[in-house]
Enquirer: 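Before I ask anything, here is the structure I am working with.
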Protein chains: 2
Amino acid sequence: MEEFAAVSGISRPTVSKYFNDPDSVRLSTRKKIEAALERYEYRPNIFAVNQNRKLTKTIGIVVPYLADPFFGELARNLEFYCVEAGFRPRLFSSQGQQDLENEALSSLQALKPAGVLLAPLGRKSDISAIEKFCQNVPTVLFDSNLPDVRQAYIGSNNSQFADLIVEYLCETGEPPCFFEMKTPANPNANRRRQGYVQAMERLGHEPCIVQAEGEGWDFEEISRREGARALQAKQFKTSTVLCSNDRMAIGLLTACYELNLGAGRGVNDDIRIAGQDNHPFSRYTCPPLTTVSQDYEAISKNAVNLLLYAINGGAYRQESQLYDGKLIIRQSA
Amino acid sequence: MEEFAAVSGISRPTVSKYFNDPDSVRLSTRKKIEAALERYEYRPNIFAVNQNRKLTKTIGIVVPYLADPFFGELARNLEFYCVEAGFRPRLFSSQGQQDLENEALSSLQALKPAGVLLAPLGRKSDISAIEKFCQNVPTVLFDSNLPDVRQAYIGSNNSQFADLIVEYLCETGEPPCFFEMKTPANPNANRRRQGYVQAMERLGHEPCIVQAEGEGWDFEEISRREGARALQAKQFKTSTVLCSNDRMAIGLLTACYELNLGAGRGVNDDIRIAGQDNHPFSRYTCPPLTTVSQDYEAISKNAVNLLLYAINGGAYRQESQLYDGKLIIRQSA
DNA sequence: GTGAAAATTTTGCGCGCGTAAAGTTTTAAA
DNA sequence: TTTAAAACTTTACGCGCGCAAAATTTTCAC
């Protein structure tokens with residue numbers, strides 16, 4: 001910057017000011033800088049900038065597993081709203097591992113971000129590390145809440161999800177069984193199960209829960225394998241299955257195909273399958289998946305908004321918003 | 001670090017040395033530092049570290065579109081091999097936009113990475129920007145080559161892909177038509193088309209190519225819409241369709257479902273559909289997708305290895321490796 | 001032409017570290 | 001015990017920039 005300022009015929013601090021806000025310098029100066037800029041292609045080093053700035057324009061986004069298109073989509077939305085607000089998003093993925101989640105937070109601390117949007121691993125998260133982090137950096141949790149941390153949270157109203165789709169399924173056919181992971185990664189799954197049970201009881205049906213053994217993020221495979229086992233063992237007491245999430249539903253659809261069971265809501269079909277989330281791929285399964293859509297727009301928009309509020313000094317720790325899902329009726333149920 | 005060195009009873013440069021290589025200090029010193037570390041939780045600021053180091057331990061990974069699970073999976077593999085080699089990977093996504101690709105490269109320059117693994121946007125890439133970048137930073141291209149840049153490249157032998165699956169499809173049924181985007185994002189698509197044409201001619205069949213109109217990364221939707229149109233207009237001259245990639249195949253499967261066409265290789269099925277890539281979801285489509293698998297392992301492993309070779313001063317610019325695909329036979333064809 | 005406000009420059013310090021050179025202490029071998 | 005090597009500390013400077021205060025210049029209205 002020193003050298004660039006010299007060839008521009010301007011002092012370094014003025015050039016620095018220009019890069020902070022081009023309108024903050026005299027027009028003639030600005031033109032001199034921009035003329036030099038065309039000839040010399042100088043750009044400030046963003047990390048050196050951040051090191052000194054009190055308030056950075058960086059927002060960190062941390063998701064638990066980026067190879068899951070659900071988080072890819074969510075991250076894309078969040079990035080969009082961050083850019084729109086004039087911030088630079090920086091994306092991290094925990095890849096399902098606690099040490100990587102901690103490392104992401106540690107990297108972020110070093111970046112001095114204005115704020116952080118964190119979708120924690122859940123059960124695998126290092127609660128105390130996250131707690132400490134939140135004390136230093138304005139943080140909004142999303143997707144998965146960490147009740148112990150008592151931090152601002154934006155997410156879905158998971159009990160409403162199950163309520164909504166159980167009601168639909170009961171109205172249009174046999175009441176659904178519930179298919180989930182035995183040891184789910186985050187508390188959403190628990191709330192969905194509870195929502196299912198309550199909705200079933202409210203409608204006068206007996207709940208039927210089937211749980212899949214397995215660890216990790218390979219939901220489709222676990223669900224395909226365990227789903228096939230459950231189907232063969234006739235563990236689903238009705239011909240309708242509500243899955244805890246779309247990825248499990250996708251795996252179960254595959255299991256049905258392989259067992260020669262027709263999935264769908266047609267009169268000739270053997271089993272109805274529904275999911276939850278409106279995963280990017282749920283539109284393209286065969287049959288297309290009936291599901292409850294998360295309000296991606298509202299969640300990402302309001303997560304960013306709440307974070308901006310926090311960045312500007314608002315009292316945000318107690319804030320928490322849950323958004324209702326919308327029923328997406330497709331052919332699978 | 002100053003303060004932490006003080007409470008450790010050690011000088012700052014020694015502490016710095018410790019963090020660079022814990023074995024480079026005397027054992028008694030090391031224990032003193034590690035004892036203090038347990039009580040005070042100090043960690044060096046990675047960005048400040050990078051600013052001064054001549055050789056950083058950071059490797060940049062840039063992919064064109066992270067919401068595509070194909071790249072999510074590839075990135076996950078690359079990250080793994082980077083970590084294994086003792087480097088810290090940092091992931092960027094261009095989200096299909098040229099300005100974001102340039103910004104990622106600019107951010108990376110500021111990070112002084114030891115090297116960069118770049119999957120360029122392709123047609124949308126800013127060639128001159130990438131050329132300049134490659135002159136300053138050891139860079140290995142992957143997934144999609146940029147012939148003009150004449151840079152080291154690790155990828156798949158795309159003409160072999162088509163050759164392999166065309167032969168299989170011809171042996172087991174009607175010769176395939178080819179379904180692709182009209183304006184594909186990268187040169188792989190062209191090579192796949194050429195491979196298809198050559199294989200067809202070699203086997204004495206007339207090629208039949210159907211192209212889908214549409215821009216962007218929403219391949220499934222484009223393929224579903226345009227695929228349905230082509231099916232209704234009977235543009236596929238045989239009952240077998242080879243798609244340029246798995247995501248298009250997934251969209252086409254959905255189109256078939258919606259048109260009540262049975263997809264698969266069963267005797268009662270109407271149409272056989274195959275893809276290319278072995279996309280993470282291709283296992284779970286209904287029917288599961290027959291495809292040619294990219295050698296994810298070999299590509300990511302060797303891309304990292306070549307980059308490490310370059311980082312250590314090897315002459316790598318001319319290096320270029322293409323890996324053969326493997327036929328994955330499932331139920332769709 | 002005068003004066004005050006606005007813009008800019010100068011000066012100086014700081015961020016959180018790496019690193020090189022010179023001086024000091026510790027260690028291990030002779 | 002002596003001695004040299006190894007490890008360590010001290011000192012000093014640098015990375016690429018932000019930022020604040022004081023000094024200077026420019027601008028503009030009167």
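In what follows, chains are A, B, ... by sequence order, proteins preceding strands, each numbered from 1.
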Enquirer: How is B:Phe19 classified with respect to the nucleic acid when contacts are heavy atoms under 4.0 Å: base, sugar-phosphate, or nothing?
Expert: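 Result for B:Phe19 = nothing.
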Enquirer: What class does the angle between the rings of B:Tyr42 and B:Phe19 fall in, given that below 30° is parallel, 30 to 60° is tilted and above 60° is perpendicular?
Expert: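 The arrangement is perpendicular - the two ring planes meet at more than 60°.
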Enquirer: Is it the case that the side chain of A:Tyr153 and the backbone of A:Leu322 share a donor-acceptor pair, with hydrogens and angles ignored and the cut-off at 3.5 Å?
Expert: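 Not confirmed, A:Tyr153 side chain does not pair with A:Leu322 backbone.
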Enquirer: So for A:Asn20 and D:dG18, does any side-chain atom that can act as donor or acceptor lie under 3.5 Å from a complementary atom in the base?
Expert: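 No.
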Enquirer: For D:dG16, does the base pair up with any side-chain atom of A:Arg12 as donor and acceptor (N or O, under 3.5 Å, distance only)?
Expert: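 It does not, because no donor-acceptor pair links the side chain of A:Arg12 to the base of D:dG16 below 3.5 Å.
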Enquirer: Remember a base hit wins even if backbone is also touched, and classify B:Phe4 as base, sugar-phosphate or nothing at under 4.0 Å, heavy atoms.
Expert: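 Nothing, no heavy atom under 4.0 Å.
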Enquirer: Any heavy-atom pair between the side chains of B:Glu297 and B:Tyr323 that's under 4.5 Å?
Expert: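 No - every pair of side-chain heavy atoms lies 4.5 Å or more apart.
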Enquirer: Using a heavy-atom cut-off of 4.0 Å across all strands, would you classify B:Thr14 as base, sugar-phosphate, or nothing?
Expert: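 Base contact - B:Thr14 has a heavy atom under 4.0 Å of at least one base atom.
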Enquirer: Please pick, from C:dC15, C:dT19, D:dC8, the nucleotide with the shortest atom-to-atom distance to any side-chain atom of B:Arg53.
Expert: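 The listed nucleotide nearest to B:Arg53's side chain is C:dT19.
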Enquirer: Atom CG of B:Asn52 and atom C1' of D:dG16: how far apart are they, to the nearest Å?
Expert: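 One finds 10 Å between C1' of D:dG16 and CG of B:Asn52, rounded.
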Enquirer: Classify the ring geometry of B:Phe71 against B:Trp217: parallel below 30°, tilted from 30° to 60°, perpendicular beyond 60°.
Expert: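 Perpendicular.
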Enquirer: Counting the atoms with a prime plus P, OP1 and OP2 as sugar-phosphate, which does A:Arg43 contact under 4.0 Å by heavy atoms, base, sugar-phosphate, or nothing?
Expert: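 Touches sugar-phosphate only.
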